[in-house]
Amino acid sequence: MWKLILLFTLWLAPTPSPSDSIILIADDCTQWTMSILHKKKRHFGFSKSTPDFHLVGLSHGWIFPEDSLSKINMRYADILEQNPRYTSKLKKEDWIELAYGKDKKKLFLLRPDDYCSGRRFVFNQEFTLYEVKASVWLPDD
Amino acid sequence: MQIQNSLLRFSCIFIVTLLIFMFLKSKFILFKSIFVLPYFLPRVGIALFLFVLGSCVQDSELPQGKQSELDQTAQIAPVRAWFEANKGSLRLPERGSNFRTGSQELILPFFEKEPDWDKVHHYFFRDGREVFEVSLENKEIFIPSLGEQQQDQQLARRSIQNILFVKHPTEARFDPLIVRYYPDVENSKRDFKDINYQMIDEKWSGTVDLFTYDEHFFIGFEIYKGRILATRKVEVTGEGGRRGISPEQLDIRCSVTTTDWYQVYYNYETRSWVTLVLSPTRSYSCAVGGPQGEDSGAGGNYSYLPGDSFPSGGGALGSYNPPDVPLPMLRIYIDSSIKDNPRLDCIVGKLGMSAFVNSIAELTKTKDKNTNSILKLGATKKSDAYGETKNVDGFNEITINNSLLNRPDLMIARTIFHELAHAEIMAALKENRITPIDGNFPANLDLYITFYLNTAADSTKKDDLLGNRHHNYMAANLLPVMGRGLMNFHREQFPEEFKQFSDFMKDAGYPKGLTEDFYMNLFWEGLETTTAYKQMAAITVQPPFLSPFDKMKNDLWNAGKLTKPCGN
């Protein structure tokens, strides 16, 4: 029963507005490796190496219901209008800011397997953008 | 001892013979019981045989285990001999053995000290002087009264009194001082083995008072959870009682309290506590700075000379000359930058850092080396490192990067543990140049440091090389202990989060719930240049199984979703 209530609450919750969020497009498709973080909950993550970090990651998943991450559907043309950022262009400081910055903007990801698929070239095609958390691999010196 | 060993050997031989007989007997039964016994009895017999044989082999190593005790006995023997020969003359010249009414100096009644020579801490002051801290068996103890009889009895029960023998740098003498530890609260009560003057854990709160052998108050220190807050000097107020102190008489850093001193002991015959009221005193508490104290010289060789005359005058050989002493040392100093950050203060308050360091020290064989670390919050040299450890004036200074705190509490705890492991490796290198787990390690490390670090042009490069060497050692040897420590912290300090997370992880690679493996994996972040990491990352497995690398990566991701129970 409580799950139904939770689902209902989530359904009623306002859809996140793209203006208070950042859309990331994983355009360097072949660089990313996908991992399944939780099979039942369909949580996943993408990781890649960069010149600055051993690994950077973008993951869609949560442990506690109150931390749940959202999804939105958007046409590709609309995505482009939101000034998305391309992961291939992100610099070291961008990654640190995305992972640890105090900017509370939500991150939405256009997955590399979607972006590099033929669907991108289909007119009016809608994509699912997944809210993600960014992480970078830093040392404990 | 020889009789004991003979008995032990005889017992072993007897039991082994008995088992062999049982085994043969079981063979005989084999002809009678075909179905069950042939499988059962011989196996039980063999298992027991191996078990007892193993026990016997271990027993034969007992003398080696006793070796450290013998070493300690040999080390303490000259101290004991010196004390027995000189204890009659360990009085300050021209001073009485009881209250001096004409002076404000607090002098408590003298009683003969009875060291328990089996309970000894052996360490060195930072200026190199050798110290033996020995437990006192005496039932009597002096306490500063808390005002109520029951509280005083509790304080007497939890207090510890030891005798410090400080070896003279040039003369064959071990000048004693009496140290008394007065814990503020019950959970600061410690056993003898868990506290000494140069190794007070970060959870301990209370007062450490030093007295001369003949009970002249020397100096006291007020300690609160990883910080030395103040020194204190005690004066008697005289028969007239407590007189007020005008503000202009006080240093701005000092405060004054009045305290009655009691002598308390438990009378086993009457099964009652006996309390003798001594003198009302006035205690001046003056704030001190960092671990070395505000007035300390370089290296922290702080010698406090309270007041104007104590201790002073050389004293000829054979007479009592109370040694200068440094401040007490805390195993881990908690800097005010941590205390000022409620979240970090909360995390650090929950971490059993000294216990963790002890478990690392078991491996690095630095348990008796008295490593002292300072934990701070601030900017790190590398802005993109979670934390760093460097040696400053003989202290391991650990800095947690204050710009990378936006992560779960567990991950901040991981960073602190990682840095504490660095500190212990530093101690192993400094004190031993030996880390006995890997037979080749000391020689290799020495060569490495000599070859690379002495030729590296800039200090950053040197630090990098040394740091990486530490990481190699950590990755190869310390991860299990670190993982266990982190898991215990999570399970004990954040039980709700641990339980929910453990349930969640049942479908994320840990079907039976979280294990130490998960927490070990969290420590791989930042160890990617180590040999062990490369070996781990090179392992491939057949799908659908996850490789160790993929599992580690997923674990780090999932840990990143944990919360901040200590606040934002």
With F53(A) via ring-ring contact (aromatic ring centres under 6.0 Å, His included) - residues at least two apart
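Here no residue qualifies.
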If the cut-off is 3.5 angstrom, what donor-acceptor pairs do you find between chain B and chain A?
{"from": "K382(B)", "atom 1": "NZ", "to": "D141(A)", "atom 2": "OD2", "distance (Å)": "2.9"}
{"from": "D384(B)", "atom 1": "OD2", "to": "K92(A)", "atom 2": "NZ", "distance (Å)": "3.0"}
{"from": "Y386(B)", "atom 1": "N", "to": "P139(A)", "atom 2": "O", "distance (Å)": "2.8"}
{"from": "Y386(B)", "atom 1": "OH", "to": "Y100(A)", "atom 2": "OH", "distance (Å)": "2.3"}
{"from": "G387(B)", "atom 1": "O", "to": "D141(A)", "atom 2": "N", "distance (Å)": "2.9"}
{"from": "N406(B)", "atom 1": "ND2", "to": "G101(A)", "atom 2": "O", "distance (Å)": "3.3"}
{"from": "R414(B)", "atom 1": "NE", "to": "D140(A)", "atom 2": "OD2", "distance (Å)": "3.3"}
{"from": "R414(B)", "atom 1": "NH2", "to": "D140(A)", "atom 2": "OD2", "distance (Å)": "3.2"}
{"from": "T415(B)", "atom 1": "OG1", "to": "D140(A)", "atom 2": "OD1", "distance (Å)": "2.8"}
{"from": "H418(B)", "atom 1": "NE2", "to": "D140(A)", "atom 2": "O", "distance (Å)": "2.6"}
{"from": "H471(B)", "atom 1": "NE2", "to": "D140(A)", "atom 2": "O", "distance (Å)": "3.3"}
{"from": "F504(B)", "atom 1": "O", "to": "H38(A)", "atom 2": "NE2", "distance (Å)": "3.1"}
{"from": "E525(B)", "atom 1": "OE2", "to": "L138(A)", "atom 2": "N", "distance (Å)": "3.0"}
{"from": "E528(B)", "atom 1": "OE1", "to": "W137(A)", "atom 2": "NE1", "distance (Å)": "2.7"}
{"from": "Y533(B)", "atom 1": "OH", "to": "H54(A)", "atom 2": "NE2", "distance (Å)": "2.6"}
{"from": "K553(B)", "atom 1": "NZ", "to": "S47(A)", "atom 2": "OG", "distance (Å)": "3.0"}
{"from": "N554(B)", "atom 1": "ND2", "to": "I36(A)", "atom 2": "O", "distance (Å)": "3.3"}
{"from": "W557(B)", "atom 1": "NE1", "to": "S135(A)", "atom 2": "OG", "distance (Å)": "3.4"}

Residue L556(B) versus chain A: region with a heavy atom under 4.5 Å:
side chain
Contacting moiety of [X], where chain B heavy atoms sit under 4.5 Å:
{"X": "L55(A)", "result": "side chain"}
{"X": "I96(A)", "result": "side chain"}
{"X": "L69(A)", "result": "neither"}

Enumerate the residue pairs fulfilling salt bridge (Lys or Arg N to Asp or Glu O under 4.0 Å) with a member in residues 484-494 of chain B, sequence neighbours excluded, ordered by first and then second residue.
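The answer is none; no pair qualifies.
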Applying side-chain contact (heavy atoms from CB on, under 4.5 Å), can you list everything that pairs with C346(B), at least two apart in sequence or on another chain?
K350(B), C566(B)
When rounded to the nearest 0.5 angstrom, what distance separates CD1 in I63(A) from CZ in F501(B)?
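I63(A) atom CD1 to F501(B) atom CZ measures 4.5 Å (nearest 0.5 Å).
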